[in-house]
Amino acid sequence: MHNINFIRENPTEFDNYMKQRGEHPISNKILELDKVKRETQTVLQSLLADRNSISKNIGKLKSENKDASSEMNKVDEIKNKINNLKELETIKDEELKTILSRLPNIADKTVPIGSNEADNTKYREWGEKPKFDFNPKTHFELGENLGLMNFETASKLSGSRFVLLKNQLSKLERAIANFMLDKHTNENGYIEYNLPFLVKDSALFGTGQLPKFGEDLFTAGEDHWLIPTAEVPLTNMVREEILNQNQLPMRVTSYTPCFRSEAGAAGKDTRGMLRQHQFTKVELVSIVEPQHSQDELERMLESAESILQDLNIHYRIMTLCTGDMGFSASKTYDIEVWLPGENTYREISSCSNCNDFQARRMNTRYKLENKNIFVHTLNGSGLAVGRTLIAILENYQMKDGNIKIPEVLKKYFNNSDTLI
RNA sequence: GGAGAGAUGGCUGAGCGGUUGAAAGCACCGGUCUUGAAAACCGGCAACGGGGCAACUCGUUCGUGAGUUCGAAUCUCACUCUCUCCGCCA
């Protein structure tokens, strides 16, 4: 949510920022609504002040046993006006909120300007592509050949975009999640949470999925939605809170399933388990003081990277351009992992600084010298577990179709060298 | 699912129709004292919004939404949530 004061003072600049994010100029409309609302409010408030003072007077007259009927008539006259103005103010205020709640965050100055993923820029890369003396297979060829990855049965249960992992692959998924959580809690300074997977509208509004992107989500009953990411419950833990400075920075993590309708992705990545309606992810969230959020983004990125480095898998980091960033982000790094079977890089993590955008929606502040200041929020995958499993299969595959166990995961596999 | 109790500021907790934006305590901030710290003492301290260059001033807010009233934290209704007991259950 945007600071209306910023728009009042910098309407042209604001429109330019919105244009970078693919929005039409809107500051005129916003300022017009804002103006009418404030003018209405001013008149309304002076009438309310009149009413209050007359009422107070009535109380005084009555306590002195004097006649108050002429004062009471006065208030009666004002009443109608008050009701009309209040109605008008509510309408204008709601229109304003509707517009503001659907506008994306302003991009940080260091973000490249562009319209789609072709304009993203490479930030850095790590490791090297592995060399094979055979044609590396895709993860789904490997998984299906091993008889441990099954799309048909999953489809029988739940339809398309679901997968079923069996035996050693199911165990691998569990090992990856444990490894990530152990790393983030023991070495990277995050506190682990076990969270609800169903949330209310207000939580999704806070992180920015609602009201605009409801079609990307699954609903559960009348009042709940399935979380598309643990970012939602993790970040909204501090919704409507005024934190103490000594509670910051707050670094939290959770391993949860994520549910996405993939409404706009029909026909995209239909083979394999790259894009599923349900997947698991270890999420990282930081709540920090404003002046620290840029450093925190780098720190979070490094925490996510540390997983792939320990797994010794090649990746590159892209800085997303203004047109490719998510709604709430002011700056986003994507970690793209190398997948030899697909001969391409694929996103495995997305780390974003949302600065005060979500904090304004959630009304989350912290106390600094008797002032209340909006916190900054950050979120990042650390990492997507399913895609990490894919990356391990494709990067650690052997000619016979078996999979080597990465060194750091061996302890979860009785020190076995290979999956089978 | 049945029965009851409750929701007030960052926290605890008084208030149950008219200087109550709200006692008191804790926390926090400033000061005195101290070599320093603690303790003690003194002072300050809700949020959000409107108007004003400013001093300041006005409005809204006591779970949420409606209603009664000249006037609501206080009365009425609906909803949400929390707690206790019983039943059921992983």
Side-chain angles (χ1 to χ4, degrees), chain A residues 1-9 30-101 194-206 210 220-225 233 236-250 257 287 289 356-375:
Chain A
M1 194 81 107
H2 293 285
N3 182 356
I4 186 80
N5 276 323
F6 177 82
I7 306 175
R8 279 178 200 151
E9 285 159 24
I30 291 172
L31 292 182
E32 176 61 23
L33 278 171
D34 181 51
K35 190 177 154 216
V36 175
K37 186 195 117 184
R38 283 153 81 193
E39 285 169 356
T40 310
Q41 205 169 20
T42 305
V43 181
L44 171 66
Q45 289 186 355
S46 80
L47 288 176
L48 286 171
D50 289 348
R51 185 199 66 185
N52 289 347
S53 74
I54 296 171
S55 288
K56 218 168 245 180
N57 201 20
I58 293 171
K60 202 172 137 206
L61 289 172
K62 287 208 166 175
S63 71
E64 293 165 357
N65 264 325
K66 292 182 183 163
D67 176 45
S69 58
S70 90
E71 301 293 274
M72 286 167 78
N73 284 337
K74 273 196 219 166
V75 178
D76 253 359
E77 280 175 40
I78 300 178
K79 245 185 166 174
N80 255 334
K81 288 189 196 165
I82 287 179
N83 286 339
N84 290 339
L85 287 171
K86 200 178 257 171
E87 201 177 323
L88 182 64
E89 195 217 355
T90 308
I91 289 169
K92 293 298 167 187
D93 193 46
E94 274 168 12
E95 281 182 46
L96 195 56
K97 277 187 182 145
T98 303
I99 292 175
L100 287 177
S101 65
N194 200 297
L195 300 165
F197 308 147
L198 300 179
V199 294
K200 304 190 287 186
D201 292 22
S202 51
L204 288 155
F205 181 87
L210 289 180
E222 291 282 295
D223 303 315
H224 292 98
W225 306 76
N236 277 283
M237 287 197 295
V238 296
R239 193 170 152 268
E240 302 281 345
E241 297 273 344
I242 298 178
L243 304 166
N244 281 322
Q245 193 184 10
N246 62 21
Q247 292 176 264
L248 305 176
M250 191 181 282
I287 314 290
E289 295 184 73
D356 64 357
F357 187 82
Q358 294 179 325
R360 285 178 188 280
R361 293 178 152 251
M362 298 190 298
N363 203 18
T364 303
R365 293 152 296 166
Y366 78 107
K367 188 72 86 178
L368 180 67
E369 286 156 9
N370 285 323
K371 284 189 146 179
N372 295 324
I373 300 177
F374 287 113
V375 297

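Note on naming: letters A, B, ... go to the chains in the order of the sequence lines (proteins, then strands), and numbering restarts at 1 for each one.
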**Item:** Nearest-Å distance once atom P is located in both A24(B) and U57(B)
**Value:** 22 Å
**Item:** Rounded distance in Å between the P positions of G44(B) and G25(B)
**Value:** 13 Å
**Prompt:** Can you tell me if the side-chain N/O atoms of R365(A) get under 4.0 Å from OP1 or OP2 in C48(B)?
**Reply:** yes
**Item:** Nearest-neighbour nucleotide for the R51(A) side chain, G10(B), G51(B), G71(B) considered
**Value:** G71(B)
**Message:** Would you say NZ of K367(A) has more than 12 non-hydrogen atoms from neighbouring residues, nucleotides or ligands within 6.0 angstrom?
**Reply:** yes
**Asked** Applying the side chain to side chain contact (heavy atoms under 4.5 Å, CB included) test to I82(A), which of V75(A), L44(A), D50(A) qualifies?
**Response** L44(A)
**Request:** Please check if any side-chain donor atom of Q247(A) sits under 3.5 Å from a side-chain acceptor atom of Y366(A), or the reverse.
**Result:** no
**Request:** Tell whether Q45(A) reaches the base of G49(B) with its side chain through a donor-acceptor pair below 3.5 angstrom.
**Result:** yes
**Message:** Counting the atoms with a prime plus P, OP1 and OP2 as sugar-phosphate, which does Q41(A) contact under 4.0 Å by heavy atoms, base, sugar-phosphate, or nothing?
**Reply:** sugar-phosphate
**G49(B) OP1/OP2 closer than 4.0 Å to side-chain N/O of R38(A)** = no
**Message:** Quick check on G59(B): is either OP1 or OP2 less than 4.0 Å from any side-chain nitrogen or oxygen of N52(A)?
**Reply:** yes
**Message:** Under 4.0 Å, heavy atoms only, any strand: does N244(A) hit a base, just the sugar-phosphate, or nothing?
**Reply:** nothing
**Request:** With heavy atoms under 4.0 Å as the rule, sort R8(A) into base, sugar-phosphate or nothing.
**Result:** sugar-phosphate
**Message:** Within the 4.0 Å heavy-atom criterion, would you say K79(A) contacts the bases, only the backbone, or no part of the nucleic acid?
**Reply:** sugar-phosphate
**Request:** Could you check which nucleotide pairs with A23(B) in any of the strands shown, counting Watson-Crick or G-U wobble with both distances under 3.5 Å?
**Result:** none
**Message:** Taking C16(B) as the reference, what is the distance to U8(B) when you measure between their C1' atoms (whole Å, please)?
**Reply:** 12 Å
**Euclidean distance for P, A7(B) against A73(B) (whole angstrom)** = 15 Å
**Request:** Using a heavy-atom cut-off of under 4.0 Å over every strand shown, decide if L48(A) touches base, sugar-phosphate, or nothing.
**Result:** sugar-phosphate
**Request:** Check every strand shown and say whether N372(A) touches a base, only sugar-phosphate, or nothing at a heavy-atom separation below 4.0 Å.
**Result:** sugar-phosphate
**Asked** In whole Å, what separates the C1' atom of A23(B) from that of A39(B)?
**Response** 26 Å
